[in-house]
Amino acid sequence: MPTQGASITVQGGLDLVSSSHALFRTPGAATKLQNFESSTTGGYRRISGYTKFGAGSAVVPSGTATDVIHGIKNYNDGVLVAQDDDLYWSSTGTSYVQINKNTFTAISGTVSITAGSATVTGNSTSFSTSVSANDVIKIDSNYYHILSIQSDTSLTIDINAKTTGSGLTLTKSGIASGSLAAATTIVRTNQSNVQFVNFESEGNAGSIYFVDGVNKIAEFQIDSNGYHFLELDRAAPTKCKFIEKFAERLVVAGDSTAPSVVYYSTRLKPWDFEGSSAGSIDVGDVITGIKVFRNSLIIFCKNSIYELTNLDSTPIIKSVTKNIGCVNGNSIQEIGGDLIFLAPDGLRTVAGTARIGDVELSSISRKILPLINTLLDNISSFTISSMVIRERSQYRLFYFQSGQASSAQKGIIGTFKFDANGVPAFEWSETVGMEIKRCTSDLDINNKEVQFGSNETGYVYQLDTGNNFDGSNINAQFQTPDMDYGDNGLRKSLYAVKANIEPEGTNNNLKLRIRYDFESTDVPQPGPFNVGNLSSAAVFGSSTSIFGTSVFGAVTLPSKRMIVTGSGFSNNFKFFTDDTDASYSVNGMFVSFIAGGRR
């Protein structure tokens, strides 16, 4: 009989809920998609790995590997790390400086202040050269910002002095990195789940504000005057868990003594919570996270969601829903113009509608409901973290379990793209063996996206780089649904498979497994087939085309033809590797078969 053929386009992502009959119509979907990601350009790509930040010279920030990392954040072309009860920063990963230090140093002379007056009078001072406008200073245990300098012995601060005194010492914020080690530590205790936000200010990198649910709100900045660290006063709430920048203010929530209250700072003064434009709002439900959405602040609660607007006038609080809440604030991210969060029934989005100022909620994780249910049923056992990879329109959520082997740690990847009908949707896959407890992703000062992560080894890792999980193999598996080529009553004897594979380097370990009739034990099942050697092609003018390494004369989108065996009324395909070789993408395949008898 003549050979027949079927072309299969790989698309749709992981589908764990559709019936086998429904999946006959979507042969390019996946019933297993482990350590692959749905590519925005089509096909499924084996994910990249992660390596220690600092490579072979990497060090543990605190110097003690058993110290728990409670949070990480991109900052100033490096990373901020909250480890044990201290905070560290590094631009290389090979050495860190502890930053929760007293960064104030005294200037010469003494000063006098009067409660209720914004004038500081100096004695034997040289204000014109020792301080500058916008500097942070401390007098009599209170922090002030310098508004202006009138002379060497007179300056004006941003608010009226809180105390009266003379012969006082004025200290100014800002010390060199080399002086941090000898500086006095600002003690912070019992840090947990540290959250960060960047508020633009002086310098290229802005100021980082952070909360941990126990200690005071803290601020850190690196600028031309050195390193700055302080804990906020001016009526700033303590013990807050969540932090955001909204309406040119610092917004915090989750204070254990007022779990339903949102606090916001004075406009353009994130350090000041007692000004006339500062305030607070009680939403009446336990807050689990806050996130900016367009011109609103979305307040996620245990059983409800609210929208806050109009802070520059009379604040408006509007209910989005009183029937759905957010299970874990660490799941909240912005992607594709929407907010995504973990609700009690799965992953949902807060999306804008055509009506101005209106929002809607949508469920987006139905196709991976078994994974979501396992996560939700055991949510108390997991540490949740999430991030967005912007250039791929990709959402990643990791659920880390302490004491679990690294090979069993899991996560979920969702890629926002348009389906074959032009409808926007998420295509899902899962990670296995990617041991991530905390993660962060942001743009550096050159607008290059950089991702960091951590687990319980004490190290910081650079994510989405390399071809292994910190030296361990990446076990990648993509399995199609069973497909019947349009006729489930006709036996097909498969003859050849021509797979379109796009390599990103050399990988000689990719294999194809075929199983017939839903992997029936009554049907002979062939062993795996070698796809063959994969090597990325050298492209003229490309910086990655290196003589002696790249393959010259290769094609950019090679098709690998394999002679295969076996027969059945339906079959599935499984592509898999378990190695540290280069990534590759499976974009589609053409299957040649011979029609046999009808049952």
**Student:** Measuring from atom CG of N373 to atom CG of D345, what distance do you get when rounded to the nearest 0.5 angstrom?
**Tutor:**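 Rounded to the nearest 0.5 Å, the CG-CG separation comes to 9.5 Å.
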
**Student:** Nearest 0.5 Å please: distance from the OG1 atom of T31 over to the CG atom of L14.
**Tutor:**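 Rounded to the nearest 0.5 Å, the OG1-CG separation comes to 7.5 Å.
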
**Student:** Enter the distance from D578:CG to L510:CG here, rounded to the nearest 0.5 Å.
**Tutor:** 12.5 Å

**Student:** Looking at I332, I298, I299, V252, which hits side chain to side chain contact (heavy atoms under 4.5 Å, CB included) with I290?
**Tutor:**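 Of the listed residues I332, I298, I299, V252, the side chain to side chain contact (heavy atoms under 4.5 Å, CB included) partner of I290 is I299.
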
**Student:** Give a yes or no on this: more than 12 heavy atoms of other residues, nucleotides or ligands lie within 6.0 Å of atom NZ of K241.
**Tutor:**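 Open: at most 12 neighbouring heavy atoms sit under 6.0 Å from NZ of K241.
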
**Student:** Evaluate the criterion side chain to side chain contact (heavy atoms under 4.5 Å, CB included) for residue pair K245 and V292; output intermediate values, then yes/no.
**Tutor:** CA-CA 8 Å; K245 176 194 171 184; V292 172; 5.9 Å; no

**Student:** Give a yes or no on whether the backbone of V17 and the side-chain of D15 come within a donor-acceptor separation of less than 3.5 Å.
**Tutor:** yes

**Student:** Between F273 and Y263, does the ring centre distance come in under 6.0 Å?
**Tutor:**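 Not under 6.0 Å, so no.
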
**Student:** Answer yes or no: is there a donor N or O on one side and an acceptor on the other, between the side chain of E430 and the main chain of K410, under 3.5 Å?
**Tutor:**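 No, E430 side chain to K410 backbone: no donor-acceptor pair under 3.5 Å.
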
**Student:** Closest approach of I69 and G458, non-hydrogen atoms and distance?
**Tutor:**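 Distance-wise, the nearest heavy atoms are CD1-O, 3.6 Å.
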
**Student:** If you take all heavy atoms of F469 and M434, which pair is closest and at what distance?
**Tutor:**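 Residues F469 and M434, closest heavy atoms: CE1-N, 3.9 Å.
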
**Student:** Does V450 offer a backbone N or O that forms a donor-acceptor pair with the side chain of N74 under 3.5 Å?
**Tutor:** yes

**Student:** Start with the C-alpha distance between R234 and D272, add both sets of side-chain angles, then the distance that settles salt bridge (Lys or Arg N to Asp or Glu O under 4.0 Å), and finish with yes or no.
**Tutor:** CA-CA 5 Å; R234 299 200 190 181; D272 184 359; 3.8 Å; yes

**Student:** Out of R46, K417, R396, which residue meets the salt bridge (Lys or Arg N to Asp or Glu O under 4.0 Å) rule with E37?
**Tutor:** R396

**Student:** Under 3.5 Å, side chain of N507 to main-chain N/O of A582, donor-acceptor pair present?
**Tutor:** yes

**Student:** Could you tell me whether the side chain of Y44 and the main chain of S585 form a donor-acceptor pair under 3.5 Å?
**Tutor:** no

**Student:** Which label fits Y88 and Y96: parallel for a plane angle under 30°, tilted from 30 to 60°, or perpendicular past 60°?
**Tutor:**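 Rings of Y88 and Y96: perpendicular, as their planes differ by over 60°.
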
**Student:** Tell me if a side-chain donor or acceptor on T288 pairs with a main-chain N or O of F300 at a distance below 3.5 Å.
**Tutor:**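 A pair under 3.5 Å: yes.
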
**Student:** Quick one about N455 and T457 (side-chain donor to acceptor, distance below 3.5 Å, no hydrogens or angles considered), yes or no?
**Tutor:** yes

**Student:** For F36 and F478, take the angle between the two ring planes, folded into 0 to 90°, and tell me which bin it lands in: parallel under 30, tilted 30 to 60, perpendicular over 60.
**Tutor:** perpendicular

**Student:** Please check if the number of heavy atoms outside K574 that lie under 6.0 Å from its NZ is greater than 12.
**Tutor:** yes

**Student:** Quick check against the 3.5 Å criterion: does N473 have a side-chain atom that pairs as donor or acceptor with the backbone of N475?
**Tutor:** no

**Student:** Using distance alone, with no hydrogens and no angle criterion, decide if N100 and E231 have a side-chain donor and acceptor under 3.5 Å apart.
**Tutor:**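 No - no donor-acceptor pair under 3.5 Å links their side chains.
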
**Student:** Taking atom CG as the centre, does N295 end up with more than 12 heavy-atom neighbours from other residues, nucleotides or ligands that are less than 6.0 angstrom away?
**Tutor:**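 At most 12 heavy atoms, drawn from other residues, nucleotides or ligands, come within 6.0 Å of this atom.
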
**Student:** Could you grab the distance from atom CG of N35 to atom OG1 of T431, nearest 0.5 Å is fine?
**Tutor:** 6.0 Å

**Student:** Checking F452 now: which residues fulfil ring pair (Phe, Tyr, Trp, His ring centres under 6.0 Å) with it, not counting sequence neighbours?
**Tutor:** F53

**Student:** OG/S48 to CD/Q451 distance, rounded to the nearest 0.5 angstrom?
**Tutor:**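 Interatomic distance, S48 OG to Q451 CD, rounded to 0.5 Å: 9.5 Å.
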
**Student:** How far apart are the closest heavy atoms of N587 and G43, and which atoms are they?
**Tutor:**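 Nearest heavy atoms, N587 then G43: OD1-CA, 3.7 Å.
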
**Student:** Between F104 and Y143, does the ring centre distance come in under 6.0 Å?
**Tutor:** yes

**Student:** For the residue pair T415 and S38, what are the closest heavy atoms and their distance?
**Tutor:**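 Taking T415 first and S38 second, the nearest heavy atoms are OG1-O, 2.9 Å.
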
**Student:** Both conditions, 6.0 Å and 45 degrees, for the charged tip of K73 above the ring of Y75: are they met here?
**Tutor:**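 Geometry flag: not set, cation outside 6.0 Å or 45°.
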
**Student:** Would you tell me whether D67 and S62 have side-chain atoms, one donor and one acceptor, within less than 3.5 Å of each other?
**Tutor:**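 Indeed, the side chains of D67 and S62 share at least one donor-acceptor pair under 3.5 Å.
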
**Student:** Which pair of heavy atoms, one from L87 and one from F196, lies closest together, and at what distance?
**Tutor:** CD2-CE2, 4.4 Å

**Student:** So which heavy atom on C439 is nearest to which on S385, and how close?
**Tutor:** SG-OG, 3.7 Å

**Student:** How are the rings of F220 and Y227 set to each other: parallel, tilted or perpendicular (split at 30° and 60°)?
**Tutor:** tilted

**Student:** Show your reasoning for whether salt bridge (Lys or Arg N to Asp or Glu O under 4.0 Å) applies to K437 and E456.
**Tutor:** CA-CA 8 Å; K437 186 176 182 180; E456 293 186 340; 3.1 Å; yes

**Student:** Decide if atom NZ of K367 counts as having more than 12 heavy atoms of other residues, nucleotides or ligands within a radius under 6.0 Å.
**Tutor:**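 Count not over threshold, so no.
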
**Student:** So, T577 versus N509: side-chain donor-acceptor pair below 3.5 Å or not?
**Tutor:**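 No, because no side-chain N or O of T577 sits under 3.5 Å from a partner of the opposite role on N509.
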
**Student:** Check D85, D84, D212 against R188 for a salt bridge (Lys or Arg N to Asp or Glu O under 4.0 Å) and give me the one that passes.
**Tutor:**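 With R188 as partner, D85, D84, D212 yield a single salt bridge (Lys or Arg N to Asp or Glu O under 4.0 Å), made by D212.
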
**Student:** Using atom types as modelled and distance alone, determine if a side-chain donor or acceptor of Q401 lies under 3.5 Å from a backbone N or O of F382.
**Tutor:** no

